[in-house]
Amino acid sequence: MSKNAELVRIFVSIGDLLDLIGEERFKPEAYRRAARSLESLGEDIQKVSDRGGLDDIPGVGEAIAEKIREYLGTGKIAYYDRLRAQVPPGLLTLMQIPGVGPKTTRRFWIELQVEEPRGLSQAIAEGRLTGMPGFGPRKIEILTEGLKGLGAAPGGAGERHPVVVAWELAERVASDLRRAAPVKELVIAGSLRRARETIGDIDLLATSSEPEKVFDAFSHLDGIREVRLRGETKETVLFDPGIQIDLRVVAPESYGAALQYFTGSKDHNIRLRTLARDRGLKINEYGVMRGDTRIAGLTEEEVYAALDLPFIPAEIRENRGEIEAALERRVPPLVELPQVTCDLHLHWEDPAKELPGPWIDAAHALGLRHLGVVLPESDGAREMARGLRTRWREADPRSTVGLLVGLERPEGTGPVLPEGFDYLALAAGPGDPPPIEPPGPVPLFVGHLPPPGQEPRHRWIAWAQREKVGLELTPDPTAEGLDSGDAQRVVAGEGRLFVTSAARRPAELHRIELAVRLARRGWVPPGAVGNTRDPGTPSASPAARRRPRARRGRAPGTRRS
DNA sequence: GCCGTTTTCGGCCCGACTGTTTTCAGTCG
């Protein structure tokens with residue numbers, strides 16, 4: 001586990017422990033807020049500490065910064081150890097039961113001397129909960145069920161899913177529900193709209209004048225495993241394969257306020273509501289209120305405008321400086337899908353059999369003018385590239401979508417482009433980057449980066465930045481490209497990146513939209529994205545493409561100082 | 001414990017849902 005993740009775990013634990021010993025509620029919340037901040041930090045906490053940046057992290061003040069430094073220096077936090085010594089560890093497990101929070105757990109501990117799950121089971125069996133104020137038959141039933149589910153619960157709370165999995169499920173469910181229910185708007189909200197790299201649960205927002213009918217339809221969609229909760233404005237269900245979806249339905253006039261609220265993040269909203277209150281306003285999911293008068297709520301733009309703020313793109317709403325930037329009118333323009341002209345990372349599983357037609361159609365639908373198929377280096381790769389071009393011309397005689405063929409070379413072979421290919425796709429690896437010069441204007445990107453938090457990853461990213469080699473940003477987790485935090489640093493260092501779908505089938509080409517959202521999450525402007533320009537422009541002349549200059553005076557494999 | 005476009009002290013977002021209650025506490029997001 002990375003140091004960031006370990007600190008998140010510790011601060012969440014400290015929050016729980018403080019709740020259990022009965023500390024006033026704002027202190028535990030402060031530790032949780034700090035944990036949330038670290039979770040979305042996107043940079044190695046050691047690096048932040050080394051450059052003296054801990055104080056800049058929202059929710060980290062003097063005391064918590066000192067505890068972070070203590071952890072980085074010694075691997076321990078004495079305060080945390082002292083708290084743990086005061087509280088039986090089994091109580092933290094009890095608090096994981098759905099519907100059981102700190103207050104309830106504390107009552108088990110103080111009133112029943114129960115310190116762990118087995119003790120609670122026993123207390124229930126002996127009837128010791130019966131007659132306790134607040135514990136009716138239904139509550140005891142829920143506790144019994146919750147105790148059973150305490151072990152490894154697949155699909156349970158806390159499990160996170162890769163954003164691409166959640167996004168494709170959400171799109172499918174949304175499209176099913178649009179057909180099945182009387183909804184006016186139906187959109188994805190929550191952390192999925194913010195394009196977090198991993199998703200806990202999916203939030204959908206609908207507007208309708210007949211919420212009952214919407215919930216009825218939602219309850220009967222394909223793929224539903226269980227309806228967990230249903231009220232007048234929201235319903236929570238568990239979908240296959242174990243992803244929870246929350247659907248909220250509001251009246252059309254509240255669409256903007258509700259979308260703003262349900263998109264989050266929590267800390268962004270708290271900042272916004274605090275700002276509102278300072279100005280004599282109140283924000284909730286139904287609108288912006290001045291006294292009893294609703295002054296905004298139809299659109300998100302209206303909500304921000306009511307606070308004298310420009311619109312803040314969903315992907316950067318993390319309370320990581322976006323509100324300050326908005327107050328000072330310096331939120332940069334972020335890259336948008338229509339600006340992207342090509343996708344340079346397609347896998348064509350079986351070029352001998354598969355037809356180009358569906359790829360061309362998918363490219364049209366997304367407004368892409370070029371598609372780049374990446375072939376792994378092999379003896380037959382050049383022949384395969386030639387065959388691809390011929391069949392592409394036959395399928396698209398008017399050349400509405402251009403075909404580019406890239407060659408993927410394994411780590412360490414260096415960016416020398418053989419005849420018959422348009423660009424190189426260089427795979428990174430556990431070792432060091434190649435000590436050679438990239439071939440001029442030829443697009444080139446690096447996938448398969450070493451895992452986050454490991455030093456070789458930083459070396460590859462630094463190398464690419466220095467050499468102006470484009471780095472790949474894709475939602476496909478198997479491609480091991482940049483994440484949005486990397487992207488933000490790459491752009492800050494004036495590096496360049498490429499958004500790609502890494503699609504294996506035409507139906508996956510739309511993942512480039514998700515790649516764009518991830519880039520936006522990293523505050524990436526259009527100018528920093530290599531494939532917002534057309535690669536077929538004369539700047540990449542055939543000569544430049546075929547004859548990269550090799551760097552002299554250094555043998556392959558030599559390290560750069 | 002954090003934080004400041006009234007503040008270095010005195011506040012700390014806001015509402016839905018549930019179970020157990022005759023008006024609310026706890027939990028959750």
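Numbers restart at 1 for each chain; the letters A, B, ... are given by sequence-line order, proteins then strands.
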Between protein and nucleic acid, restricted to nucleotides 22-26 of chain B and to nitrogen or oxygen atoms under 3.5 Å apart, what atom pairs and distances do you find?
{"from": "B:dG26", "atom 1": "O3'", "to": "A:Thr104", "atom 2": "OG1", "distance (Å)": "3.2"}

I need the [atom1]-[atom2] distance between [X] and [N], as an integer number of Å.
| X | N | atom1 | atom2 | result |
| --- | --- | --- | --- | --- |
| A:Arg32 | B:dC13 | CZ | P | 14 Å |
| A:Met95 | B:dC28 | CE | P | 8 Å |
| A:Asp16 | B:dT27 | CG | C1' | 13 Å |
| A:Arg25 | B:dC28 | CZ | C1' | 15 Å |
| A:Glu29 | B:dT27 | CD | P | 14 Å |
| A:Glu145 | B:dG19 | CD | C1' | 14 Å |
| A:Phe135 | B:dT20 | CZ | C1' | 11 Å |
| A:Glu235 | B:dC28 | CD | C1' | 17 Å |

Quick one: are A:Met95 and A:Leu91 in side-chain contact, heavy atoms under 4.5 Å?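 SC-SC contact between A:Met95 and A:Leu91 ruled out.
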Side chains of A:Leu72 and A:Asp50 in contact at under 4.5 Å (non-hydrogen atoms):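 No - every pair of side-chain heavy atoms lies 4.5 Å or more apart.
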I'd like to check the side-chain hydrogen bond (donor to acceptor under 3.5 Å, both in side chains) partners of A:Asn319; sequence neighbours left out, ordered by chain and number.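 Result, side-chain hydrogen bond (donor to acceptor under 3.5 Å, both in side chains) vs A:Asn319: A:Arg271.
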With A:Arg273 via side-chain hydrogen bond (donor to acceptor under 3.5 Å, both in side chains) - residues at least two apart: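 In terms of side-chain hydrogen bond (donor to acceptor under 3.5 Å, both in side chains), with neighbours along the sequence ignored, A:Arg273 is linked to no residue.
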N-O pairing of [X] and [Y] below 4.0 Å:
| X | Y | value |
| --- | --- | --- |
| A:Lys67 | A:Glu70 | no |
| A:Arg9 | A:Glu6 | yes |
| A:Glu300 | A:Arg193 | yes |
| A:Lys213 | A:Asp216 | no |

Searching all strands shown, indicate the nucleotide that pairs with B:dG15 (Watson-Crick or G-U wobble; both distances under 3.5 Å).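 Pairing partner: B:dC28.
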Close approaches to DNA chain B from residues 256-284 of chain A, in residue order (heavy atom, under 4.0 Å):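 Those residues whose heavy atoms fall under 4.0 Å from DNA chain B, taken from residues 256-284 of chain A in numerical order, are A:Tyr261, A:Lys266, A:Ile270, A:Arg273, A:Thr274, A:Arg277, A:Lys282, A:Ile283, A:Asn284.
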If every non-hydrogen atom of A:Ala30 is compared with every non-hydrogen atom of A:Ile64, which pair is closest and at what distance?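 Closest approach of A:Ala30 to A:Ile64: O-CD1, 4.1 Å.
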Using the [atom1] atom in both, what is the distance from [N] to [M], to the nearest Å?
| N | M | atom1 | answer |
| --- | --- | --- | --- |
| B:dT20 | B:dC9 | P | 47 Å |
| B:dG19 | B:dT23 | C1' | 14 Å |
| B:dT21 | B:dT27 | P | 16 Å |
| B:dT8 | B:dC14 | C1' | 28 Å |
| B:dC13 | B:dC3 | C1' | 15 Å |
| B:dT6 | B:dG11 | C1' | 13 Å |
| B:dC12 | B:dC17 | P | 25 Å |

Restricting to nitrogen or oxygen on both sides, can you table the protein-nucleotides 1-3 of chain B pairs closer than 3.5 Å?
{"from": "B:dG1", "atom 1": "O6", "to": "A:Glu24", "atom 2": "OE2", "distance (Å)": "3.4"}
{"from": "B:dC2", "atom 1": "OP1", "to": "A:Gly61", "atom 2": "N", "distance (Å)": "2.7"}
{"from": "B:dC2", "atom 1": "OP1", "to": "A:Gly61", "atom 2": "O", "distance (Å)": "3.4"}
{"from": "B:dC2", "atom 1": "OP1", "to": "A:Ile64", "atom 2": "N", "distance (Å)": "3.1"}
{"from": "B:dC2", "atom 1": "OP2", "to": "A:Ala63", "atom 2": "N", "distance (Å)": "3.4"}
{"from": "B:dC2", "atom 1": "O4'", "to": "A:Arg33", "atom 2": "NH2", "distance (Å)": "3.3"}
{"from": "B:dC3", "atom 1": "OP1", "to": "A:Gly59", "atom 2": "N", "distance (Å)": "2.8"}

Specify the residue among A:Gly136 and A:Thr105 whose closest nucleotide of DNA chain B lies further upstream toward the 5′ end.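 The residue whose closest nucleotide sits nearer the 5' end is A:Gly136.
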Take A:Gly134 and A:Glu324, find for each the nucleotide of DNA chain B with the closest heavy atom, and name the residue whose nucleotide sits nearer the 5' end.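 Its nearest nucleotide being more 5', the pick is A:Glu324.
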Give one of base, sugar-phosphate or nothing for A:Glu285, where a contact means two heavy atoms less than 4.0 Å apart.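 Sugar-phosphate, no base atom in range.
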Base, sugar-phosphate or nothing for A:Arg248? Non-hydrogen atoms, less than 4.0 Å.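 Sugar-phosphate contact only.
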Looking at A:Phe262, is A:Arg194 sitting on its ring face, NZ or CZ under 6.0 Å from the six-membered ring centre and within 45 degrees of the normal?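 Negative - A:Arg194 is either too far from the ring of A:Phe262 or too far off its axis.
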Qualifying residues under ring-ring contact (aromatic ring centres under 6.0 Å, His included), relative to A:Phe135, sequence neighbours excluded: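 A:Phe135 satisfies ring-ring contact (aromatic ring centres under 6.0 Å, His included) with A:Phe108 only.
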So A:His510 and A:Trp167, would you call those rings parallel, tilted or perpendicular, with 30° and 60° as cut-offs?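 It falls in the parallel class, under 30°.
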Will you find, in the side chains of A:Glu116 and A:Thr93, an N or O donor that is under 3.5 Å from an N or O acceptor?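 The answer is no; no qualifying pair exists.
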